[in-house]
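Encoded as structure tokens, the structure appears first; notes follow it.
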Amino acid sequence: MSRPDNKKRRKRILFFTALIAVIFISWELINFNTSVKEAEKSKSRDFITEWTEQNASLVRYKADKYYDILDYAAKFISKMPLDDEETRDLLYENFSEKATEFEYFRIIGKDGFAAETGRDYSDTEYFQTSMAGGRGLAKCSSSYDNGVLLSVPVKGGDGETEGVLCGVLFGSRLSVFKQSGRSVKYTSMFITDGNGDCIVGRNTDAAFGSNIFADLEMRELSVPLSTIEFRARTGVTVPFEINSDYGNKMAVISPVKGYDLYVVTIIDKDYVLKTGRTYQRYVLFLTIKILLALAVFAGGYLHFQRQDRVYIRNLNRQLTLNEETYRITAKDSDLCVFTYDVETELIQFLNDKYLELGLDQAQLSIPVLLKKIRDINPATCSVIEEILQSVDSSETSQSRKVKIRAGGKLRYLQFNTTNLYDESGKVSRMVGSIEDITSLENNMLKLQKEAMTDLLTGAMNRAAGTAMINQLLENAPDEECVHTFTIADLDNFKTLNDVLGHMWGDKALYEVVLTMQKHCRAKDVVCRLGGDEFVVFMPNMPRQDAEESLQRLSAKLHINYEKDDKSVMISASMGIVTTERAGATFQELYEEADKCLYQVKRTFKGSYHIAEKSI
């Protein structure tokens, strides 16, 4: 035990350390208070920029959603006569305003004429864009509050554009500006098209009209307007300041990726500076509070130290009782129970369950234990060391999971430990148990595998296959290698089901996947998209080897099935595309491979077609 003068010396050191800390913290807070105004201004600019970019992402998400609805509706009417009233009735019946949020739809023929309105739209920019295969966008009227018109092409069975489907939304459907509090009256926010015309907006300043670029041209800007327009059109978020007779503003223009749209935020600069002054007063009050808190801490420190010692003593008594309970119940327990003495570094097992772990002694030193564990499973040694080092942790109880291979089997073990403390608060002993949770872990792994697998065929399901392929596509293939993506669609599968029965169809699906898996490498992905459509993905493979491999696979997938006097031959039509770059996506490859598959289906089923160019 320490002498009294040593305790007094430690208290004096503690007091002077706290005093120095108080002086240092106060000095730093005072210095911070002098610069908080400029710092808050910079922080506000960054916040407005980030907020505007987030709003731009939300606008993109909403636009994608509505275009996807239009694409689906266009596909729905693609095989119907576009100038027929019944087509319009079916469109409105299946894509109501309640379900899609579109106010109304307009079907325009390839000649630009809309039978519903009797007008010619061939000169409109959105019609020309969609006829060229793109997505069009325009204001529905001269007032940006009234609506937004979206358009997509309607493709026929041969892939040619047969017309254009338009959908009209209230402008508020694209709005993402929801804000409450005092800042509402200081902030103006807009969504504009590529020309700067406002589509959606909340204007709290009469100085800004319906075209942002036209309004900015009449004001003094911190960045030239030509630079702002150029950077915005090239996809860069542009923060800048506005100085005019109407007051000083902070503004941000952020482009919506993939669309000719911009999100604009304009906030009163004086409001930002006022917020900074509010923070200055807050910092001053915070300094005073910290000083008072440190004074209270100095007075209560010794009291809490005494309470801690009492708590540790009581806790140690309770834990010692727990240890005795461990010793009494260990003999009949299914768990391997042990104690660890920190001073002697000895581990004592309290029952004979340690034999199941491959150990042969009831008492072991740490070096001997680690050597024996290393002989069983080297990878487990680091985990065992972490468990023993946890005696220095502030947590009384801990739980860890490890893997070992003992008796020729892989086993999962759960380590649960509890620390015992001495009067000084240091850990003197550790008691713990080891539980075999192998069955539980194996069941969890089995459930995870089943969640990723198509139960009928044993191939990856669509969700798991898509995720795995997208992950592999993040890395570029090696030099002179490619990633190869194949869509395989079975021929005569419906005939097989109709002639021989669905059980033979299920058997065929299983055998097709089995053939694909046997033919592919371990790292290749075989995925069932649904029905009789499959994807085979071969990453990082020389182009010539990939083509030869798929040629052999195509030949193997000609399978004949016979029942009684009936016979059906199935085969696989395959569309193949390759990529040599990193960052390609499943969807990109699928769309290109689907085009190749379509050519095979039109010409010679049971064969394959490889895209001439990699994407």
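Predicted, not measured: the structure shown is a model, and the values here were computed from it. What's counted below: heavy atoms across the whole structure, side chains too, no hydrogens, waters or symmetry copies.
Between the side chains of Asn55 and Ser254, no donor N or O sits under 3.5 Å from an acceptor N or O. Side-chain polar atoms of Ser614 and Arg543 form a donor-acceptor pair below 3.5 angstrom. Of the N and O atoms on the side chains of Glu591 and Gln587, at least one donor lies less than 3.5 Å from an acceptor on the other residue. Between the side chains of Glu116 and Tyr104, not a single donor N or O lies within less than 3.5 Å of an accepting N or O. For the residue pair Asp489 / Ser573, no side-chain donor-acceptor distance below 3.5 Å is found, with atom types taken as modelled.
A side-chain donor-acceptor contact under 3.5 Å links Thr87 to the backbone of Pro81. When atom types are taken as modelled, the side chain of Ser222 and the backbone of Glu241 share a donor-acceptor pair closer than 3.5 angstrom. Remark: side-chain polar atoms of Asp197 are not paired, donor with acceptor, to backbone N or O of Asp193 under 3.5 angstrom. Remark: the backbone N or O of Leu550 is not paired with any side-chain donor or acceptor of Ser554 at under 3.5 angstrom. Under the 3.5 Å distance criterion, the side-chain polar atoms of Ser130 are matched with a main-chain donor or acceptor of Ser151.
Shown here are the side chain to side chain donor-acceptor pair (under 3.5 Å) partners of Asp68, two or more places apart in sequence or in another chain: Arg135. Contacts of Thr486 classified as side chain to side chain donor-acceptor pair (under 3.5 Å), with partners at least two apart in sequence or in another chain: none. Partners of Asn540 according to the side chain to side chain donor-acceptor pair (under 3.5 Å) rule, which considers only residues two or more places apart in sequence or in another chain, are Asp478.
By the 4.5 Å heavy-atom criterion applied to side chains, Asp506 and Leu456 are counted as neighbours. Between Leu557 and Met516 the shortest side-chain heavy-atom distance falls below 4.5 Å. Contact annotation: the side chain of Leu165 approaches that of Ile107 to within less than 4.5 Å [non-hydrogen atoms, C-beta and beyond]. Here the side chains of Ile253 and Thr192 are not in contact, with every heavy-atom distance at 4.5 Å or above. You'll find the side chain of Val152 stays beyond 4.5 Å of the side chain of Leu150, heavy atoms only. Two residues are said to be in side-chain contact when any heavy atoms from C-beta on lie closer than 4.5 Å; Leu509 and Phe493 meet this criterion. Between Glu53 and Thr49, some side-chain heavy-atom pair lies under the 4.5 Å cut-off.
Taking the six-membered ring where the residue is Trp, Phe105 and Phe102 present tilted rings, their angle falling between 30° and 60°. The aromatic rings of Tyr126 and Tyr121 sit tilted, their planes meeting at an angle between 30° and 60°. Aromatic ring orientation, His483 versus Phe537: tilted (interplanar angle from 30° to 60°).
Ring-centre distance between Phe586 and Phe485: below the 6.0 Å cut-off.
The heavy-atom pair separating Leu70 from Cys166 by the smallest distance is CD2-C, 4.3 Å. Scanning all heavy atoms of the two residues, the minimum distance from Leu597 to Ile487 falls at CD2-CG2, 3.7 Å. Here the closest heavy-atom approach between residue Asn492 and residue Ile570 is recorded as O-CG2, 4.1 Å.
Between Arg528 and Asp454, at least one side-chain N (NZ, or NE/NH1/NH2) sits under 4.0 Å from a carboxylate O, which counts as a salt bridge.
The distance from the SG atom of Cys481 to the CD atom of Gln544 is 12.5 Å, given to the nearest 0.5 Å. Note that the CD atom of Glu229 and the CZ atom of Phe213 stand 5.0 Å from one another [nearest 0.5 Å].
Environment of OH in Tyr510: sparse, with no more than 12 heavy atoms of neighbouring residues, nucleotides or ligands closer than 6.0 Å.
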